[in-house]
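Beneath this line is the structure, given in structure tokens, with notes to follow.
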Amino acid sequence: MAGRESVRTLIGFLRDEVAAADSYRRALPRFEDAPDGEELRACLESHERRITTLEQRIRDLGGDPREDDDSSSVIELPVMGDDAISALEEREDRGLKHYLDDVCKLDQDTRRLVAREILPEQVRTYDSLSDLKLARRL
């Protein structure tokens, strides 16, 4: 039973990560020549690594990573750079809150995995976007 709850929770995390990665892929062309492009690419790569980790853990627990696939949570990015950065930062904030709110629903081993590999990366990408957003205001 704990494994089933963990799988459902991990699938929710996975959906968020897939949507975040899609949002970064859509935003990156707008920043191709901007200094922020490199940082945004690093954030995308982080989300892609988390997708791989979450998919593997779901499989390890006997689940299907594409169960309840819902790609409708991709955000529409504003055209302007500052607004796009703000939208990405809001996505990072929601992702961090989701992890923090639902990590308690995971079995102990999965909770450790998320605490060790996923959460630090989520905090890093959130901090990166917060810093970019702040730097653009200065």
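The figures here come from the full heavy-atom set of this structure, side chains too, leaving out hydrogens, waters and symmetry mates. Note that this is a predicted model, so its numbers are computed, not measured. Along the sequence shown, residues are numbered consecutively beginning with 1.
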Results of salt bridge (charged side-chain N to carboxylate O under 4.0 Å, His left out) for Asp131 - residues two or more places apart only: none

Side-chain ion pair, Arg136 and Asp36, N-O less than 4.0 Å: yes

Partner residues of Thr9 under the side chain to side chain donor-acceptor pair (under 3.5 Å) criterion, sequence neighbours left out: none

Set of side chain to side chain donor-acceptor pair (under 3.5 Å) partners for Glu48, sequence neighbours left out: Arg25

Chi angles and distances behind the side chain to side chain contact (heavy atoms under 4.5 Å, CB included) call for Ile58, Arg8: CA-CA 9 Å; Ile58 290 166; Arg8 278 194 299 269; over 6 Å; no

Sequence-distant partners of Ser128, side-chain contact (heavy atoms from CB on, under 4.5 Å), two or more places apart: Glu39, Cys43, Arg124

From CG (Leu44) to CG (Asp22), nearest 0.5 Å: 9.0 Å

Val7 to Gly63 - nearest heavy-atom pair and separation: CG1-CA, 4.0 Å

Between CG on residue Leu129 and CG on residue Leu134, distance to nearest 0.5 Å: 12.5 Å

Flag for Thr53-Arg49: side-chain donor and acceptor within less than 3.5 Å: no

Note, Asp64 side chain near Ile11 side chain (heavy atom, < 4.5 Å): no

For Ser130, all residues meeting side chain to side chain donor-acceptor pair (under 3.5 Å), sequence neighbours excluded: Glu89

Any residue meeting side-chain contact (heavy atoms from CB on, under 4.5 Å) with Glu90, in chain and number order, not counting sequence neighbours: Arg94

Within one Ile-Leu-Val-Met-Phe-Trp-Tyr cluster: Ile51 and Leu113, side-chain cutoff 4.5 Å: no

Residues Asp93, Lys97: salt bridge by 4.0 Å N-O rule: yes

Listed once per pair and sorted, the ring pair (Phe, Tyr, Trp, His ring centres under 6.0 Å) pairs that draw on residues 33-65, sequence neighbours left out: Tyr24-His47

Partners passing salt bridge (charged side-chain N to carboxylate O under 4.0 Å, His left out) against Asp60 (at least two apart in sequence or in another chain): none

Test side-chain contact (heavy atoms from CB on, under 4.5 Å) applied to Asp109 - qualifying residues, sequence neighbours left out: Arg57, Asp107, Arg112

Residue pair Leu40 / Glu32, side-chain heavy-atom distance below 4.5 Å: no

Listed partners of Tyr99 passing ring-ring contact (aromatic ring centres under 6.0 Å, His included), at least two apart: Phe13

Pairing residues for Glu92 by the salt bridge (charged side-chain N to carboxylate O under 4.0 Å, His left out) criterion, not counting sequence neighbours: none

CZ-CG distance between Arg50 and Leu119, expressed to the nearest 0.5 angstrom: 9.0 Å

Nearest-0.5 Å distance that lies between atom CG in Leu132 and atom CZ in Phe31: 8.5 Å

Student check: side-chain heavy atoms of Leu106 and Val114 closer than 4.5 Å: yes

side-chain contact (heavy atoms from CB on, under 4.5 Å) partners for Arg59, two or more places apart: Glu55, Gln56, Pro65

Separation between NZ of Lys105 and OG1 of Thr110, rounded to the nearest 0.5 Å: 14.5 Å

Rounded distance (nearest 0.5 Å) linking atom CD of Glu17 with atom CG of Leu10: 11.0 Å

